[in-house]
Amino acid sequence: MIIDLRSDTVTKPTKGMLDAMLTADVGDDVYKEDPSVNRLEERLADMFGMDEALFFPTGSMANQAALKLHTNPGEQVICDKYAHIYNYEGGGASFNSGISCKLIDGHRGMFTTEQAKASINPPDFYHSPLTSLIAVENTTNKGGGACWDFEELKKLRQLANDNGLGYHLDGARLWNALVASDQTPKHYGELFDTISVCLSKGLGCPMGSVLIGKKELMQNAIRVRKILGGGMRQVGFAAAAGLFALDNHIERLAEDHKKAKEIGEVLVKNEAIEKVEPIETNIIIFELKSHIDETQFLDDLSEKGIKIIGMGSNKLRIVTHLDYTNEMHYKLLETLT
Ligand SMILES: *Cc1c(COP(=O)(O)O)cnc(C)c1O
C-alpha cells in the first residue's frame, strides 16, 4: 500500500466519475459545440452568480488568462510573496502578459488591505509601473491551506474600487475554503471580477479548471485561451468529470479536513518535529527540529510506503485527498506516533 500525500492532485477518477466520462455527450468545443463543456460552464457561472465561465486545461492557464485580461504590458499586479501566480506558473506573468508582480510580505500567503494600499503605485508617478490588479489566493497553497477572512476580502474589493484596479481570485482550492467557512460561491461571485477554480485538486478530476467572471472581461477570454494554446476539441469527457465532481465531491472535502487535523494532532507530539502550522483545511505544513535531516526523514517514510514532499528550509508538506482512505489514515497515524 502506497500512501501518497504529496498533493491532492495525485487522485485517480472514481468508478462513478469514469462512468460519467464514458457516457458524456461531446462535440467540438473550439466551435462551442460540446454540450458537456457548455453545461459545466453555465453551471459554474450560475453557481457563482457571475456572467460567464470558460473551461481551461489547467489552473495555471486560467490564472494566466486572467492576468492577461486585467492588464497591459508594463503594468503590475499586487500579490503575496507566496502566490502561485508568482512562484509556480513558470514566470508566466512576465512571459505571457509582460507584467511584473509587486510582492507583499504577508502572513501564510495572505495580506492586509493596508499592505495592499501601500503597494499601489501612484498612477500619476510615471516612473513606476502602473498598478492594475490585486490577486489573492484562497485557500493559500504555500501558506498551508489557510483561509482568508472574508471581511478582509471585502475591504480589498473596496480598495480595488477606490483605485480602479481589477480583483482576481486564484481559487484552485476555493472549494476547501467554502467547506471550511460559512460563505457560498455567490458571496465570492459578488466580490471578484474573475475567479479561477480547479477541478483537478480536491474535487478529484483528471484535469480542468474554470475561469468565471464578469462579461466585460470574459468576452476576450476565449481569444486569450486560444493564444495560450488552450482551445480544446471533444473535451466534454473531462467536463463530465467536473460535473460529476460538483455533485459528489464538494461536501466530502470536510473529511479531508478532519483527517488533516488528526494528522496534525499526532505530529505535534512527534519528537522529530519542531512546529506544526495551524491546520484549517487539507494542507499540513510542519517543520523538523534542526538536528533532524530532512532527506533522511523523507527516506524513512518512503521506505514505509509514505510519500510526502519537502518545501525547503526543513519544512515538509502533507496534503489529504479523495484517494486517501481510512485504512491509509490509520496506518499513517500509527507510523507518525
Ligand atoms: C494547483 C494550483 C493552481 C493551478 O495549477 P495547475 O497545476 O496548473 O492546474 C493554481 N493556484 C494554486 C494556488 C494551486 O494550488
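Remember, it's 1-based here, ligands and their atoms both numbered in the order they're listed.
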Salt bridge (charged side-chain N to carboxylate O under 4.0 Å, His left out) contacts in which one or both residues fall within residues 312-337, not counting sequence neighbours: E277-K315
salt_bridge(R39, E42) N-O dist < 4.0 Å: no
Hydrophobic cluster of M218, others only, ordered by chain and residue number, side-chain cut-off 4.5 Å: L54, F56, M61, L69, L211, L217, I222, V224, L228
Cationic N near anionic O, under 4.0 Å, D256 to K201: no
Please tabulate protein-ligand N/O pairs under 3.5 Å for ligand 1, atom names and distances to 0.1 Å.
from     : atom 1 : to   : atom 2 : distance (Å)
ligand 1 : 8 (O)  : S60  : N      : 2.8
ligand 1 : 8 (O)  : S60  : OG     : 2.6
ligand 1 : 9 (O)  : G59  : N      : 2.9
ligand 1 : 11 (N) : H84  : ND1    : 3.4
ligand 1 : 11 (N) : D170 : OD1    : 3.0
ligand 1 : 11 (N) : D170 : OD2    : 2.6
ligand 1 : 15 (O) : N141 : ND2    : 2.9
ligand 1 : 15 (O) : R173 : NH1    : 3.0
ligand 1 : 15 (O) : K201 : NZ     : 2.8

Stepwise salt bridge (charged side-chain N to carboxylate O under 4.0 Å, His left out) test for K214 and D51: CA-CA 5 Å; K214 292 182 178 161; D51 302 323; over 6 Å; no
Just distance, no hydrogens or angles: give the donor-acceptor pairs under 3.5 Å from side chains in residues 263-273, sequence neighbours left out.
from : atom 1 : to   : atom 2 : distance (Å)
N270 : OD1    : A272 : N      : 2.8
N270 : ND2    : L336 : O      : 2.9

